[in-house]
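Structure first, then comments.
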2 protein chains.
Amino acid sequence: MEIQLQIKMNEKLFLRDPEQSELGKKIILHSIQLIHLNGFEAFTFKKLAEAIGTTEAGIYRYFENKHRLLMYITAWYWSWLEYRVAFHTHNIKDPVVKLKMVIKLLATTVEDDSRTSYVDESILHQIIITEGSKAYLTKRVSEDNKDHLFKPYKDLCAVIGNMILECNPQYKYPKSLASTIIEMAHFQNFFMNNLPSLTDFGKNKDEAEIVRFLETLVFSSLHSAH
Amino acid sequence: MEIQLQIKMNEKLFLRDPEQSELGKKIILHSIQLIHLNGFEAFTFKKLAEAIGTTEAGIYRYFENKHRLLMYITAWYWSWLEYRVAFHTHNIKDPVVKLKMVIKLLATTVEDDSRTSYVDESILHQIIITEGSKAYLTKRVSEDNKDHLFKPYKDLCAVIGNMILECNPQYKYPKSLASTIIEMAHFQNFFMNNLPSLTDFGKNKDEAEIVRFLETLVFSSLHSAH
DNA sequence: TTGTAAATGATAGTAACACTATCTTTGCAA
DNA sequence: TTGCAAAGATAGTGTTACTATCATTTACAA
């Protein structure tokens, strides 16, 4: 049984849909690899074009600029994660169990999903950790937000926020707690690997510890009488 | 009584110490303003030189490149904040009260400190929220870390981590909780103002609510039996 | 089979950016 | 007054971030 997973992306993220052509898929595949290799700052369309075997102009037909490409990639990631969350929490009734699953999905290394041939999810996860927040930490956030370019992130946050409310309908900050879980799942991972003294996981560098930290953080908030 | 506040900076952050000359101080003052105005990506040494009334070459005598200048500014901010934390928690014995003070200092708009003539702290606070994490979200983190360029941030984190342990010596993740407080104080502020649906503060846009959110987050963790 | 349009390839060019080099002037101190 | 560091002035280089144009291939439809 061969299933293809296709994610519908906001059309404002691209000039030409990269999923609709070989060149487009190559752009996604190689940009993820190159950003992972050199970091987003050193990543250029010229290098990307060389890696693919096309020219700069070819890339520009798909993406306005490299920041838009980053936004596309991050949006894709959050959409894919929301799908995974839906899949893995399906049929689970206990909201606590669901929330634990979400934390695990967020904070644990992912394996490449063979149903998406042109995206390597394990590398993607790595670059979202380091580069993901650069998608919105700009002067253009509000404009981009009006074009709904961050919708996948916000949707995921809303899903998690609702689970939090299921756990404790009285809890006052479901959305902020949700965005905290999302961001910290990534930042604690980055710190663990790069600035370990900002975490308590430096010795073992074990993602499972991040999961435990987030679980205590979340569930003591939700169970407390505040 | 006129007191000057001087912060000793790591010498690897600059080529020539900006605090030791008029031009240097102008570079700091105007770079903060320009980054605040246009964002870090659009900020260039040429624009900075024009704003100051000098040339690009003049700036390059002080800072290797604009990323180093950002690192200098953020390091300065964290040092200043650590000083403020020390000042405002001095003579307070109750660690819970101390920790609440820290959260307030982190999450609340600061006023310009008149003892530092060449730094406008209220603008500085704003740019650290948006640009601060770009100082370390790079491929060079580990190298830069070896040169101790993030020491002020790590020191602050350690100070907060110790307060956390004072509150509850059994708590397992003092450093991760500390870095979570620091990052979330800023990110929730950014989200509140730019992507409000990621928070529960969108309506009032009131920093006091961020403080309350962080307090419940922190103290339910510290008081719980986990 | 040919016609047509879309996608791609190939090449060129521009303005801005990120530097580096060099030479001159200024200020101030021994 | 000489000497030296800081700053000013000017120029230049390679790269980046795009835009434009025209030729070639492909795909499918008449």
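A note on names: the letters A, B, ... follow the listed sequences, proteins ahead of strands, and every chain is numbered from 1.
A distance below 6.0 Å separates the ring centres of Y173(B) and F213(A). No close placement of the F45(A) and F63(A) rings is indicated, their centers lying 6.0 Å or farther apart.
Distance CZ (R61(B)) to P (dT10(D)): 14 Å, rounded to an integer number of Å. The CZ atom of R68(A) sits 16 Å away from the C1' atom of dA17(D) (whole-angstrom rounding). To the nearest angstrom, P of dA21(C) lies 13 Å from OH of Y60(B).
K8(A) and D17(A) are not joined by a salt bridge, as no carboxylate oxygen comes within less than 4.0 angstrom of a charged side-chain nitrogen. A salt bridge links E41(A) with K134(A): at least one charged nitrogen is closer than 4.0 Å to a carboxylate oxygen.
Look at Y62(B) and you'll find a side-chain N or O under 4.0 angstrom from OP1 or OP2 of dA7(D).
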- Task: Please lay out, stage by stage, how R68(B) and D144(B) fare under the test salt bridge (Lys or Arg N to Asp or Glu O under 4.0 Å).
- Result: CA-CA 10 Å; R68(B) 278 294 159 114; D144(B) 290 341; 3.4 Å; yes

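Using a 4.0 Å cutoff on non-hydrogen atoms, the parts of residues 48-59 of chain A near DNA chain D are E56(A), A57(A), ordered by number. A heavy atom closer than 4.0 Å to some atom of DNA chain C occurs in no member of residues 6-31 of chain B.
Contact annotation for K46(A): no contact, since no heavy-atom pair falls under 4.0 Å across all strands.
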